[in-house]
Each structure stands twice: as structure tokens, then as C-alpha cells.
*Asks:* 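Okay, handing you the structure first.
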Amino acid sequence: IAGITQAPTSQILAAGRRMTLRCTQDMRHNAMYWYRQDLGLGLRLIHYSNTAGTTGKGEVPDGYSVSRANTDDFPLTLASAVPSQTSVYFCASSQGDNSPLHFGNGTRLTVT
Amino acid sequence: SQQGEEDPQALSIQEGENATMNCSYKTSINNLQWYRQNSGRGLVHLILIRSNEREKHSGRLRVTLDTSKKSSSLLITASRAADTASYFCATEGLSGGYNKLIFGAGTRLAVHP
């Protein structure tokens, strides 16, 4: 089934540790995104990539980095996790402007 | 910063009733999108309405857009228990770029059998 796969599904992480959230899509979409979802705040954009080889900062990029080596993969890295990064992280993709987003099922991350 | 603000924050209705959710936004947009999220799952796209459109339908869903009031509404007719979910509006700004899609905090809809 075409779509977006995120891994892991959930993770408990000690503060200060490094963590990479994986995201893979098989729809050949140009654009990919990482959002975090916190209660009462909706989804906030962390980083995005309009096409392979390019990335950009969203609304809340601090403490996170991304790479886009190819069309399918868009990993999100927390270099040194802090408790405020406890959240549910969603990866999404789209064809481009005026196109809907397709979401993965999220990674629930708890930083202790 | 949130562009879209959904109203109400929570809505509880009986099966068969209609559910109306509203979204207001602050700046001019290219399009407005509605998404649905079931508990523990990712968001699923429902409808995209462009700034030059006033109304769109998809099955039991009807979306209206009033750019003069910077507002949109999502109507679910003849609701079912399976419609229980959170509903989000998202706006794509005029500066273009899908990176500009901004989500509201959502409306939690509960449909009781």
C-alpha cells in the first residue's frame, strides 16, 4: 500500500541522547515535511524539503536537523534531546503547491 | 504562530445530526484544506478549497470559504459514530510554497450512537 512509513512508532529517550526518526515515502512526492503535534497547539512545522537535496526551516526548527539525500527518505535528527521535545512527530509528503499532504502515523517520543 | 483557529474546540452530537466546524484565519491564502485525525493516527486529507472557490462537496462533507471574512466551515451531514475524530483546517499562504501550510489546533468531534 502506497504511503508514508515512520519508525519507530514510539520511543522513550533520555535527555541528552541523540535520536533519528525515520520517514520513507513510496509515492515519489517531491516535497516532504516534519511536524510536531502538541496538545492544544495543533501541528507545527519543524523542517521541510521541496525536493531531494534541499531543505528548509519551518516554524520550530531549533534542536532538530534533517537531510534529503534522495526522494524517498527524510530523516529527522535530534542531536541532544531535551524534555520539551516530548511530542508526537508526523512526517508528511505532497506533490507541491495546491496539493494535499499525506501523513504517516507518527512517532510518539518521550524525553525523560 | 497559528493561522487557522477552529471553533468550537469540541463538539458532541448524536448520530444522524449535522456537525458544523468553523475555521478563521488571519492572512490572505492560496487555499484552505481540511483534515481528519483519528486517535493515534496520522492526519487524512478531506477537502482542498482554493481561494477563488466558495463551496466544495465530497460525499457527506460540504466546505465553504468566505475570503472576505477569512473564514471557512466544514459541514458533515447525517453524522455517524465513525465520524468521531479531530478535524483540522490548514491554510496555504499567498507567498506560495507548500512549506507555508499552517494548521489550527483542531475541533474534537464526538458522535454518539
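Since the structure is predicted, the reported quantities are computational estimates derived from the model, not experimental observations. Numbers restart at 1 for each chain; the letters A, B, ... are given by sequence-line order, proteins then strands.
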*Asks:* Quick check on the hydrophobic clustering: are A/Phe90 and A/Tyr64 connected, directly or via other members, by side-chain heavy-atom contacts under 4.5 Å?
*Replies:*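 No, separate clusters.
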*Asks:* Does B/Leu101 reach the side chain of A/Tyr48, with side-chain heavy atoms less than 4.5 Å apart?
*Replies:*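 Answer no - side chains too far apart.
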*Asks:* Indicate if B/Leu109 and B/Val63 have the same hydrophobic cluster label, given that clusters are the connected sets of ILVMFWY residues with side-chain heavy-atom separations under 4.5 angstrom.
*Replies:*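 Same cluster: B/Leu109 reaches B/Val63 through Ile, Leu, Val, Met, Phe, Trp or Tyr contacts under 4.5 Å.
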*Asks:* Counting neighbours of CD on B/Glu55 that are heavy atoms of other residues, nucleotides or ligands and sit closer than 6.0 Å, is the number greater than 12?
*Replies:*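 Yes, CD of B/Glu55 has more than 12 neighbouring heavy atoms, counting only those of other groups under 6.0 Å.
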*Asks:* What part of A/Gln37 gets closer than 4.5 Å to chain B, counting heavy atoms only: side chain, backbone, both or neither?
*Replies:*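 Contact with chain B involves the side chain of A/Gln37 alone.
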*Asks:* Under a 4.5 Å cut-off applied to non-hydrogen side-chain atoms, are B/Tyr35 and A/Leu43 in contact?
*Replies:*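 No; the side chains remain at least 4.5 Å from each other.
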*Asks:* Would you say A/Tyr35 ends up clustered with A/Val66 if hydrophobic residues are merged whenever their side chains have heavy atoms under 4.5 Å apart, either directly or through other cluster members?
*Replies:* no
*Asks:* So which of A/Gly104, A/Gly106, A/Pro100, A/Gly56 has the largest heavy-atom pair count under 4.5 angstrom toward chain B?
*Replies:*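 Of A/Gly104, A/Gly106, A/Pro100, A/Gly56, A/Pro100 has the most heavy-atom pairs under 4.5 Å with chain B.
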*Asks:* In terms of heavy-atom proximity below 4.5 Å to chain A, should B/Gln37 be classed as side chain, backbone, both, or neither?
*Replies:*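 Contact with chain A involves the side chain of B/Gln37 alone.
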*Asks:* Measuring only between side-chain heavy atoms, which start at C-beta, is B/Ile102 closer than 4.5 Å to A/Leu45?
*Replies:*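 No - every pair of side-chain heavy atoms lies 4.5 Å or more apart.
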*Asks:* Is the count of non-hydrogen atoms from other residues, nucleotides or ligands lying under 6.0 Å from B/Arg54 atom CZ greater than 12?
*Replies:* yes
*Asks:* Could you grab the distance from atom CZ of B/Arg41 to atom CZ of A/Phe103, nearest 0.5 Å is fine?
*Replies:*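 Atom-to-atom, B/Arg41:CZ and A/Phe103:CZ are 14.0 Å apart.
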*Asks:* Please classify the contact of B/Leu43 with chain A as side chain, backbone, both or neither, using a heavy-atom distance under 4.5 Å.
*Replies:*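 Contact with chain A is through both the backbone and side chain of B/Leu43.
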*Asks:* Kindly say whether B/Gly42 contributes a backbone atom to a donor-acceptor pair with the side chain of A/Asn105 at under 3.5 angstrom?
*Replies:* yes
*Asks:* State plainly whether one hydrophobic cluster holds both A/Val88 and A/Val111, where clusters connect Ile, Leu, Val, Met, Phe, Trp and Tyr through side-chain heavy atoms under 4.5 angstrom apart.
*Replies:*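 The answer is no; the residues belong to distinct hydrophobic clusters.
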*Asks:* Can you tell me how far apart CG (A/Asn98) and CD (B/Glu92) are? Round to the nearest 0.5 Å.
*Replies:*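 It is 5.0 Å, given to the nearest 0.5 Å.
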*Asks:* Report whether B/Ile76 and B/Leu65 are members of the same hydrophobic cluster (ILVMFWY, side-chain heavy atoms less than 4.5 Å apart, transitive linking).
*Replies:*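 Yes, B/Ile76 connects to B/Leu65 through the hydrophobic network.
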